[in-house]
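Report on the structure given below.
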Amino acid sequence: MDNGETSALILLDLSATFDTVCHRTLLTRLHEAGIQDKALNWISSFLSDRTQRVRLSPFHSKAINLICGVPQGSSLSPTLFNFYMATLAQLARQHNLSIISYADDTQLFLSLTKDPLTAKANLHKGLKSIAEWMSNSRLKLNSDKTEVLILGRTPSAWNDSWWPSALGPPPTPANHAQNLGFILDSALTMSKQVNAVSSSCFNTLRMLRRIFKWIPTGTRKTVTQALVSSRLDYGNALYTGIPTKDIKRLQRIQNASARLILNIPADVTSPLT
């Protein structure tokens, strides 16, 4: 956008990713990455002989052996999952697609206006290769839930021809999309995010005000930081350069939090004076 270009952010949607990791494929990729012998056997033992069943009151289903999935809650599982997904980033870059991944959240982005013909060809080949890779990896790409966000001054640069027909109907570009809990809009004004944070924080402050008169100041500070300041601080680097009116809205949340902690009676939506 700073260079006057228009780009597409493609947020890929995967189904039950952690639960569908194939143990055999994972062990093969670990071996290829250099984890062998006792270390590989130890991980194989960690994944094997696990069962699951459904229980409802006194009734329960028959236990079945699990041949896929990494145990959620284990400190080792995120590392194993990253090994499993590592080759996806290499595949995207082979097709000159920029990729950002965090756990099972994967996004592709590319310029639509710098070299449109080459970019479209790279996107078609890249998405087809990614879909094939996911199928071979026992992962399911949900084309109907995949989102596209167009960033720049010429949103018309994107049309249905950019989406490979083999992946089903092309997604309709969205005005905003949620990425790791942060709402991005097509103009990167962050107004949608500020609206959401403001509404959430003030609702929490109103509820806390009902009980804080019985709680000491130190505890008020801890609770407010945990339930309000944490939301305000999340992704705050992305607020750089947003309009002053939105900065003031975020400042009012801090002011209202300070009044609540210090038990200063006032409307939580008015600025601290």
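- Atom-to-atom distance recorded for N203:CG and L208:CG is 11.0 Å, nearest 0.5 angstrom.
- A pairwise comparison of heavy atoms in W163 and P171 identifies CD2-CD, 3.5 Å as the closest pair.
- A donor-acceptor pair under 3.5 Å is formed between the side chain of R220 and the backbone N or O of F212.
- In the model, T6 has a side-chain atom that pairs as donor or acceptor with a side-chain atom of T154 under 3.5 Å.
- Note that OH of Y102 is 9.5 Å distant from CG of N82, once rounded to the nearest 0.5 Å.
- Remark: L14 CG to K140 NZ distance equals 10.5 Å, nearest 0.5 Å.
- The distance from atom CD1 of I215 to atom OG1 of T224, rounded to the nearest 0.5 Å, is 9.0 Å.
- Within the 3.5 Å criterion, the main-chain N or O of P71 finds a donor-acceptor partner in the side chain of S77.
- Looking at T25, its side chain never comes within 3.5 Å of a backbone N or O of V21 through a donor-acceptor pair.
- Looking only at distances, a side-chain donor or acceptor of N159 sits under 3.5 Å from a matching main-chain atom of S161.
- L184 CG to K192 NZ: the interatomic distance, rounded to the nearest 0.5 Å, is 13.0 Å.
- Contacts classified as side-chain hydrogen bond (donor to acceptor under 3.5 Å, both in side chains) and involving residues 89-98 (residues at least two apart or in different chains) are given here: H95-S129.
- A donor-acceptor pair is defined here as one N or O able to donate and one able to accept, closer than 3.5 Å; such a pair exists between the side chain of S257 and the backbone of I253.
- The shortest heavy-atom contact between M85 and T106 is CE-OG1, 4.3 Å.
- Closest approach of S74 and P78 over heavy atoms only: O-CD, 3.2 Å.
- Smallest separation of non-hydrogen atoms from C22 and Y84: N-OH, 3.3 Å.
- Remark: the backbone N or O of K245 is not paired with any side-chain donor or acceptor of R249 at under 3.5 angstrom.
- Pairing each heavy atom of L47 with each of H23, the nearest pair is O-CE1, 3.5 Å.
- Not a single donor-acceptor pair under 3.5 Å links the side chain of S198 to the backbone N or O of N195.
- The number of heavy-atom neighbours closer than 6.0 Å to CD of E132, taken from other residues, nucleotides and ligands shown, is 12 or below.
- Using modelled atom types, no side-chain atom of N142 and backbone atom of D144 make a donor-acceptor pair closer than 3.5 Å.
- When all heavy atoms of L11 and A177 are compared, the pair lying nearest together is CD1-CB, 4.1 Å.
- Judged by distance alone, the side chain of W162 and the main-chain N or O of A119 form no donor-acceptor pair under 3.5 Å.
- Between F182 and Y234, the two ring planes are tilted [angle within 30° to 60°].
- Between the side chains of R252 and N255, not a single donor N or O lies within less than 3.5 Å of an accepting N or O.
- Within the structure, every pair that satisfies the side-chain hydrogen bond (donor to acceptor under 3.5 Å, both in side chains) test and touches residues 31-57, not counting sequence neighbours, is listed here: R53-H60.
- The distance from the CG atom of L108 to the CG atom of L88 is 7.5 Å, given to the nearest 0.5 Å.
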